[in-house]
Amino acid sequence: MKNHLLLIVFCFFIQNATAQKVVFISLGDTLQKPEYQQFIYLTDSTDTSNIIEVGKVKCTGKIDNVIVLFNAIRTRALQCGANAFKFESFKKTEPETAELVLSLYYNEDDLFDKNAELLPKNKIYIFGHQNLLSNKSQTFKLNDDKYEVKAGTYLVFDRKPEGIKISKGGLTGETMYINPSEEGFCKFLSFSSIDINGAQSYPSNGGVAVNFNTGRINHIEPNLALALLKIYRQIEVAQ
């Protein structure tokens, strides 16, 4: 029975590892060695002319968990010495598969601080489920108002001076209180479990793709979340 279970687990990991195809469109001949393992989102407006371009990479795979495509690129990017990326494109190649393209960079100066100044400020982003093939929707309350977020979509709210209460799951669920941030940091939240390895950090000082499960309300690592904003579709809500 034990051997049977080990075989099932082994097959699962083999299938998961081979489900995505990562291909370098271009790759520089200089292998950088960043001091810290981080993968920082660079905005479209961030000037990358004075940093090292490591290459451009695409990942093709199923979109039943679109975050796995990002994580597959991130793993290869870190191996090649990249510590930053720009979003290039995301498009469906078949009904159930898509292609994600990122440009990879290595940076060792104050560009990250300048980049952080261009990021959204004092917002709360609520992400739907990461399965883009699903019609699943999730409901929650923000203060006393009820909202719904569907798979592959996100909602945006302002962080209020008086604070905001987010509730999920009724009496047996979870409630989170969010106060304004003096630094202007955003909150990126999901009601789904996101299976990515790493540790939490903000885009201005580093980060890797991970969520932190606090029960029903999960924090998504900001660099991953900022990439998802390019993949997911925003649903406008009244505030």
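Because only heavy atoms are used, hydrogens play no part in the values below, and waters and symmetry mates are left out as well, while side chains stay in.
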Check the pair Lys165 / Asn143 against side chain to side chain contact (heavy atoms under 4.5 Å, CB included), numbers first and verdict last. CA-CA 5 Å; Lys165 180 178 73 173; Asn143 294 331; 3.8 Å; yes

Closest heavy-atom contact between Ser134 and Ala151? O-CB, 3.6 Å

Do Phe85 and Tyr41 have ring centres separated by under 6.0 Å? yes

Under the 3.5 angstrom rule, does the side chain of Thr153 hit a backbone N or O of Val149 as a donor-acceptor pair? no

Sorted by chain and residue number, the side-chain contact (heavy atoms from CB on, under 4.5 Å) partners of Leu118 (sequence neighbours excluded) come out as Thr43, Ser45, Thr46

Got a sec: does the CG of Asp144 have more than 12 other heavy atoms crowding it under 6.0 Å? no

CG/Leu102 to OG/Ser89 distance, rounded to the nearest 0.5 angstrom? 8.5 Å

Sequence neighbours excluded, the answer for salt bridge (Lys or Arg N to Asp or Glu O under 4.0 Å) partners of Lys56 is none

What I'd like to find out is whether the side chain of Val156 reaches to under 4.5 Å of the side chain of Tyr125, using heavy atoms alone. yes

Distance-only donor-acceptor check, side chains Gln138 and Ser190, under 3.5 Å: no

Distance from Gln130 atom CD to Ile67 atom CD1, nearest 0.5 Å? 4.5 Å

Do Ser137 and Glu148 have a side chain donor and acceptor closer than 3.5 Å? yes

Kindly compute the distance separating CD1 (Ile25) from OG (Ser103), expressed to the nearest 0.5 Å. 8.0 Å

Please report the interatomic distance CD(Glu88) to NZ(Lys58), rounded to the nearest 0.5 Å. 13.5 Å

Are Pro95 and Leu133 side-chain neighbours, meaning at least one heavy-atom pair lies under 4.5 Å? no

Would you say the side chain of Lys86 lies within less than 4.5 Å of the side chain of Thr48, judging by non-hydrogen atoms? yes

Is there a continuous path of hydrophobic side-chain contacts, each under 4.5 Å between heavy atoms, that joins Val101 to Leu229? no

Considering all heavy atoms of both residues, which atom of Ala227 and which atom of Phe70 are nearest to each other, and what is their separation? CB-CE1, 3.9 Å

Determine, stepwise, if the pair Lys230 / Asp44 fulfils side chain to side chain contact (heavy atoms under 4.5 Å, CB included). CA-CA 11 Å; Lys230 298 281 194 174; Asp44 295 338; 2.6 Å; yes

Determine whether Leu69 and Phe90 make a side-chain contact, defined as any pair of heavy atoms from C-beta on separated by less than 4.5 Å. yes

For Thr60, check side-chain hydrogen bond (donor to acceptor under 3.5 Å, both in side chains) against everything at least two apart and list the hits. none

So CZ of Phe140 and CZ of Arg216: to nearest 0.5 Å the spacing works out to 15.0 Å

Does the Arg159 side chain pair with the main chain of Phe185, one donor and one acceptor, at a distance under 3.5 Å? yes

At their closest point, which heavy atom of Lys121 faces which heavy atom of Glu183, and how far apart are they? CD-O, 4.4 Å

Crowding at CD, Glu162 (>12 non-hydrogen neighbours, <6.0 Å): yes

Any side-chain heavy-atom pair from Asn107 and Ile40 closer than 4.5 angstrom? no

When you compare the side chain of Leu104 with that of Phe39, does any pair of heavy atoms fall below 4.5 Å? yes

At their closest point, which heavy atom of Ala72 faces which heavy atom of Gln20, and how far apart are they? CB-CB, 4.2 Å

Among Ile235, Val237, Leu189, find the one that has a side-chain contact (heavy atoms from CB on, under 4.5 Å) with Ile126. Leu189

With side chain to side chain contact (heavy atoms under 4.5 Å, CB included) as the test, would you mind laying out the steps for Lys91 and Glu99 before giving the verdict? CA-CA 5 Å; Lys91 64 180 181 180; Glu99 174 186 280; 3.5 Å; yes

In terms of heavy-atom contacts, Ala98 and Ile63 come closest through CB-CG2, 3.3 Å

Are there more than 12 heavy atoms of other residues, nucleotides or ligands under 6.0 Å from atom CG of Asp145? yes

Contact summary for Cys80 and Leu27, nearest pair of heavy atoms: SG-CD1, 4.2 Å

Would you say Phe87 and Ile231 make side-chain contact, with heavy atoms under 4.5 Å? yes

Within this structure, what is the NE2-CD1 distance for the pair His219 and Ile217, rounded to the nearest 0.5 Å? 8.0 Å

Please lay out, stage by stage, how Phe157 and Leu142 fare under the test side chain to side chain contact (heavy atoms under 4.5 Å, CB included). CA-CA 9 Å; Phe157 303 92; Leu142 192 145; 3.6 Å; yes

Taking the side chain as every heavy atom from C-beta outward, state whether Asn83 and Tyr36 have any atom pair closer than 4.5 Å. no

